[in-house]
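Have a look at the structure below before the remarks.
Worth knowing before you read on, the calculation uses all heavy atoms, side chains too, and leaves out hydrogens, waters and symmetry mates.
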There are 2 protein chains.
Amino acid sequence: MTTIRDVAKAAGVSTATVSAVINESAYVSPDLRQRVLKAVSDLRYAPSQVARNLKHGRTQLIALAVADLANPFYARIVWAAEAAAAKWGYSVVVFNSDENPDTEKGVIDRIRALGCDGSVIVPVGGAEDYSAGRLREGAPVVLLGRSVDDPGLDTVSIDNRSAGERATSYLLDLGHTRIGSITGPLHLSTGRGRYDGMLMAMQARGLAPSPDHVRSGAFREDVAYSVARDLLQRPDRPSALYVANGVMALGTMRAISDLGLRCPEDISVASTDNIAGIGGIKPRLTRTEHPVLEMTGEAMRMLVDRMRGTVETPGRTVVFQPALVVGDSCAPVR
Amino acid sequence: MTTIRDVAKAAGVSTATVSAVINESAYVSPDLRQRVLKAVSDLRYAPSQVARNLKHGRTQLIALAVADLANPFYARIVWAAEAAAAKWGYSVVVFNSDENPDTEKGVIDRIRALGCDGSVIVPVGGAEDYSAGRLREGAPVVLLGRSVDDPGLDTVSIDNRSAGERATSYLLDLGHTRIGSITGPLHLSTGRGRYDGMLMAMQARGLAPSPDHVRSGAFREDVAYSVARDLLQRPDRPSALYVANGVMALGTMRAISDLGLRCPEDISVASTDNIAGIGGIKPRLTRTEHPVLEMTGEAMRMLVDRMRGTVETPGRTVVFQPALVVGDSCAPVR
DNA sequence: CAAATGTAGCGAAACGGTTAGCTGAGCGCC
DNA sequence: GGCGCTCAGCTAACCGTTTCGCTACATTTG
């Protein structure tokens, strides 16, 4: 490996001069400059980022730990985060917490060991895991998508209640009263919030879902499939379902299809989030959507602000609002 | 930040002893060991990975550069790669080449600058970009999904011809003769191979697609949508389409839907690759599938082998075979 | 008891950069 | 002509580890 010393020797200058030329950090006379540049290209020299990192105490790395990399929702976040990071000159190291607090602990250890300059985390565990000390000190954290009970943490989240409320209200407007729900884990802000929103919407009309019509489970396609299958085979099955996220909606649709039911004729389905780009496939899901790209961009911007030390305010929270997108997975009640 | 020197001072030993305790790299007497461990936990000391990296010349980082992070196919690769890397003790830095050779050049520069120990790349440009020298010397590269014309490079790819051939043969078996195609860019091994496979299948029955029925374009949903829309509005539109990948198939379905056509009644669609997990939505795509997880795992294994210097053989190529998965997006010709 | 052997732990030199601070040449001014 | 100023470029310290080679002490051997 060629080092800055090799270049210095070849050009007949000191390493300080080579460094100055490379970083344009000081004036170097034109002829020395030329000699250095020639030596650099002759030797195909590339400065070691690792050595720079050690000197500067930075790594130019941003960690992105998402709850479930297999979920297209988080895949989009990875996409958006990479783009934003590249714009700021950072690279993104991805981690998968796999919806498992223990796995997440390991992830946090790895993030610290790598010395990432900052982290965007979709939290899976409790608040204590993300606060100061667990990650590298001086390396800021922004929570994305879910919130935990710690106002000191920067958080970019979504209005889950509003999402549940709007989707449910849409079903109510169509005349449905026996509405069931397939929700996420209720200890997560996303699961709890969306379900609470649903309850609020129904309450506002003097209704409440039958306990038999509400199932909660992991945010996964296969989990939703099996609970939906179970739910839909009840003799008193609901006429409409509110499903808590995109992959669960897909699982629900698969269950409906496998049971020989039709959507929306036999059962209406509304959800929060869908799978991007499947608009041409029937039925098109009626759902609330979150601006994933903007949210991720905002989280990255908050993180960069912190890393640069620009902001000193205590934890800021930005909440994005969902939008209702009407497809054709819902029909008026018969 | 607490350093190894702080710990050494607190424990009344030398830094060498602290290092020996931490890495268990030499015998240290029990009482010194205890003193060191106490100091470590008192000071909440965590060794700087950056300094270790400099010393060892490694970073424990694997770069993963995919062609298009917005494409769920590559999102799955990210998922699989992260899981494999974690198993081997590495972390994954993701990059998006965005199907753009210029962007990819920049990505390769960033990979080199970070000093990644190895790279898995879904190539977007020409062979010259990936060979020795462009990336850090001694840092191996494995090409994934697509191949370029350089037998010296380790490559994990798929049998694109077979994919195109099998999907097309299925349509032919249903009696279709006027088969059109929406293909990817023909300068990429994936685009070219799949199209060639289609041609081979038709040729074997003495047929050939009408040039008017073949459209090529970027592997993107919106591109496929517009070319499909155009193609399907021709008075002599084909009775079946072979579409070159998953997101293009979605775009095609959206075009079919928007034009008021029905699939499979009005037009049959077969593709290579689909979007994972959308099995419950109608129509279910008939397509060939590649074992993405296994492929990615294999690529990672080849990379780790190289990084450990276990294998010295020149470029190895592993080709995976597609499987035909029959859905209900194809009907016999009327 | 002196010499030889073994070894726990230490000091200091790397790793490859950056940068503070110094040197000394060139120049203007009194 | 001497003084001081400017500033291009150099020397060397430093970032936080690991590790080679050494010291000094304890133990065994003749």
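Between the CZ atom of B/R33 and the P atom of C/dC10 there is a distance of 15 Å, given to the nearest Å. Here D/dG9 presents its P atom at 13 Å from CD of A/Q34, a figure rounded to the nearest Å. For the pair B/D6 CG and D/dT17 P, the computed distance is 9 Å after rounding to whole Å. Across the protein-nucleic acid pair, B/I22 atom CD1 and D/dT18 atom P stand 7 Å apart, rounded to whole Å. What separates CG of B/L54 from P of D/dT18 is a distance of 12 Å, to the nearest Å. The distance from atom CG of A/N23 to atom P of C/dG16 is 17 Å, rounded to the nearest whole Å. The distance from atom CD1 of A/I4 to atom P of C/dG17 is 6 Å, rounded to the nearest whole Å. Between A/R5 atom CZ and C/dG17 atom P there is a gap of 8 Å when expressed in whole angstrom units.
The backbone N or O of A/T15 sits nowhere less than 3.5 Å from a side-chain atom of A/S19 that would complete a donor-acceptor pair. At distances below 3.5 Å, not a single donor-acceptor pair connects side-chain atoms of A/R33 with backbone N or O atoms of A/V28.
Annotation for B/V120 and B/L303: closest pair CG2-CD2, 3.9 Å, computed over non-hydrogen atoms. Nearest approach of B/T59 to B/C116, heavy atoms of both residues: OG1-CA, 3.6 Å.
Among the nucleotides C/dG17, C/dA8, C/dC15, the one closest to any side-chain atom of B/S29 is C/dA8. In the set C/dG11, C/dT18, D/dC10, D/dC10 carries the atom at the smallest distance from any side-chain atom of A/S14. Here C/dA8 is the nucleotide among D/dT19, D/dG9, C/dA8 with the atom lying nearest to any side-chain atom of B/Y27. If you check C/dC10, C/dG17, C/dT18 against the side chain of A/T3, the one that comes closest is C/dG17. Which of D/dT19, D/dC10, D/dT17 sits closest to the side chain of A/T17 comes down to D/dC10. The side chain of A/A16 approaches D/dC10 more closely than any other nucleotide in the set C/dA12, D/dC10, D/dG9. Of the candidate nucleotides C/dA8, C/dC10, C/dT18, C/dC10 has the atom nearest to the side chain of B/V13.
A 4.5 Å side-chain heavy-atom check between A/F320 and A/E298 finds at least one atom pair inside the cut-off. Residues A/L114 and B/S91 have side chains in contact (heavy-atom distance under 4.5 Å, counting atoms from C-beta outward).
Using a 4.0 Å cut-off between charged nitrogen and carboxylate oxygen, B/K9 and B/D6 do not count as a salt-bridge pair.
Side-chain to base pairing of A/R52 with C/dG16: no donor and acceptor N or O lie closer than 3.5 Å to each other.
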Could you list the donor-acceptor pairs under 3.5 angstrom formed by side chains in residues 61-73 of chain A, with sequence neighbours left out?
from  : atom 1 : to    : atom 2 : distance (Å)
A/D68 : OD1    : A/A70 : N      : 3.1
A/N71 : OD1    : A/F73 : N      : 2.8

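For the pair A/S48 and C/dG17, the criterion of a side-chain N or O lying under 4.0 Å from OP1 or OP2 is not met.
Backbone-only contact: B/V28 has heavy atoms under 4.0 Å from sugar-phosphate atoms and none from a base. Residue A/S25 is out of contact with every strand shown, counting any heavy-atom pair closer than 4.0 Å.
Axis angle across the helix from C/dC1-D/dG30 to C/dC30-D/dG1, with five pairs used at each end and values rounded to 10°: 70°.
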